[in-house]
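Below you'll find the structure, written out as structure tokens, and then a few comments.
Remember, predicted model here, so these are calculated numbers, not experimental data. One-based numbering along the sequence shown.
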Amino acid sequence: MFCFKYGYILVIFAITLPMATNAQTDSTSVRNDSSSAEPDITALFEKETARKVKLEEKLDIMVARKKALENRLANITANSAKTEKKAASTKREIEKLKSKKAYLQLAQLIKKRDSLSAAVKAKTEAASKIETEIAALNGDLAENSERMEELETVKENVGKDVITSHEAYLSKPFSKMDLQELERIKAECNRYADNKDVKAFMAKVELATGNKRTYDKATNALASKYNANAVNTAVRELKSMKGCNEAQLSETSRAIAKLKQYGQCFNTVRQILKYFNENKRTSRYTKYDWEIDRSSAVMKQASEAAEPIPYLRKAWKQFIKALNQNPNAHPDVEKEILGETR
């Protein structure tokens, strides 16, 4: 009969275990409790954006109209100056002809003078109307520009509300985040992407999403049978993450520590299972033998090695449960660890 109760059996294990850690369960309980922007905020943003677009179009038309009027006024003013100059010249000629009593020529010049004076008056009146219209346009432009500033303020405030409603979620430990929720936040922010602050915030959402994927990849490696390549890749990628806060860095450091332990922990559990099974085959193994072995130092050693690693912890519990029911059982999880199954 074989039992681990005999002290000499313990001596053969030259297995160094990592220091026991206060492992905490790696199963995540994700809550999609990120506050989302209220529907009225979204409606307000879209409404004000539409108003801003229409107002910008109106302002463009007004500016173009003002420019055209200013050009027209400049032309009228220039022509009016020339006409006034001609009228003054005509007036001087009239005075000369009066002294010479050249009445026929005088009548013609008086007619020309009156025509020029009428033209000057008409141009002056036209210029005055244009100046009045330009003044009105300046008033409308000032009023609408002020409205534009108000609309921009509304959009900025809506953008701040959107950012504020999601900032706390990005600060959570990665184990408390959910990729679907991050994608939802990104989609919502994209609706306000013309707001520069929201656009900058979207970059933070993208970074958090990438970090979350990297963290999940690492936890998946810990929850799966040991694979050196997957573990080493996870460690390397976790170390390269950027933009993490203190809580996220702490969680990442713990994950890295477990990943670095995994190979040694897996080897310890595997060797103990292998040796245990080899000795079981050499003698009749009873329930009484199992009860003694279950509380042995070697079994405790295996349990401590399994505890920090989610996959090993779950596998070890399944192994113990199976042998409690049947001490001679060889559960699938045992075969998996020993490499007897894929």
Side-chain angles (χ1 to χ4, degrees), residues 1-29 175 217-235 251 253-342:
M1 180 180 67
F2 163 75
C3 296
F4 282 123
K5 62 185 178 179
Y6 299 110
Y8 69 88
I9 295 180
L10 297 177
V11 180
I12 69 169
F13 292 99
I15 303 168
T16 304
L17 280 174
M19 294 181 64
T21 60
N22 293 325
Q24 298 177 351
T25 180
D26 287 81
S27 60
T28 59
S29 176
S175 60
K217 188 175 179 180
T219 56
N220 288 338
L222 288 168
S224 306
K225 182 180 176 181
Y226 179 71
N227 180 296
N229 184 56
V231 167
N232 292 335
T233 299
V235 170
E251 186 173 57
S253 295
R254 292 195 299 271
I256 290 173
K258 290 179 182 181
L259 287 164
K260 288 182 176 180
Q261 286 180 309
Y262 196 176
Q264 191 173 357
C265 291
F266 184 84
N267 190 51
T268 295
V269 172
R270 187 172 183 276
Q271 288 192 51
I272 290 175
L273 284 177
K274 184 177 180 180
Y275 188 80
F276 180 60
N277 282 338
E278 286 177 352
N279 283 278
K280 276 175 62 175
R281 294 190 188 101
T282 63
S283 61
R284 183 175 175 273
Y285 195 74
T286 67
K287 189 172 183 178
Y288 174 74
D289 296 328
W290 166 242
E291 288 175 355
I292 295 174
D293 290 339
R294 186 172 53 191
S295 58
S296 68
V298 172
M299 285 299 186
K300 183 180 179 181
Q301 187 181 27
S303 179
E304 289 175 350
E307 184 60 27
I309 313 300
Y311 169 80
L312 291 177
R313 183 169 63 248
K314 181 180 178 181
W316 188 251
K317 287 179 180 179
Q318 292 175 351
F319 173 75
I320 297 298
K321 182 179 179 180
L323 266 69
N324 282 339
Q325 296 173 350
N326 178 7
N328 288 290
H330 293 281
D332 291 341
V333 68
E334 173 193 299
K335 298 174 183 177
E336 184 175 275
I337 292 174
L338 292 176
E340 296 174 3
T341 60
R342 291 187 178 181

So, do Leu323 and Phe276 sit near enough that their side-chain heavy atoms are less than 4.5 Å apart?
yes

State whether the side chain of Ser295 and the backbone N or O of Ile292 hold a donor-acceptor pair below 3.5 Å, judged by distance alone.
yes

Checking Asn227 side chain against Ala221 main chain: does a donor-acceptor pair fall under 3.5 Å?
no

Test item: Trp290 and Ile320 side chains (from C-beta on) under 4.5 Å apart, heavy atoms:
yes

Do any N or O atoms from the side chain of Lys258 and from the backbone of Leu222 form a donor-acceptor pair under 3.5 angstrom?
no

Can a donor-acceptor pair be found, under 3.5 Å and without considering hydrogens, that links the side chain of Arg270 to the backbone of Leu338?
yes

Do any N or O atoms from the side chain of Ser303 and from the backbone of Lys300 form a donor-acceptor pair under 3.5 angstrom?
no

Would you indicate whether the side-chain heavy atoms of Val269 and Ile309 approach each other to under 4.5 Å?
no

Do Pro331 and Gln318 have side chains that get closer than 4.5 Å, going by heavy atoms?
no

Polar side-chain atom of Asn267 near backbone of Gln264 as donor-acceptor pair, under 3.5 Å
no

For side chain to side chain contact (heavy atoms under 4.5 Å, CB included), just list the numbers for Met299 and Trp316, CA-CA rounded to whole Å, side-chain angles, deciding distance to a tenth of an Å, and then say yes or no.
CA-CA 10 Å; Met299 285 299 186; Trp316 188 251; 3.6 Å; yes

How many angstroms lie between atom OH of Tyr262 and atom CG of Leu312, to the nearest 0.5 angstrom?
5.0 Å

Determine whether Tyr275 and Val298 make a side-chain contact, defined as any pair of heavy atoms from C-beta on separated by less than 4.5 Å.
no

So do Glu307 and Glu304 actually touch side chain to side chain, heavy atoms under 4.5 Å?
no

Any side-chain heavy atom of Tyr226 sitting closer than 4.5 Å to one from Ile337?
no

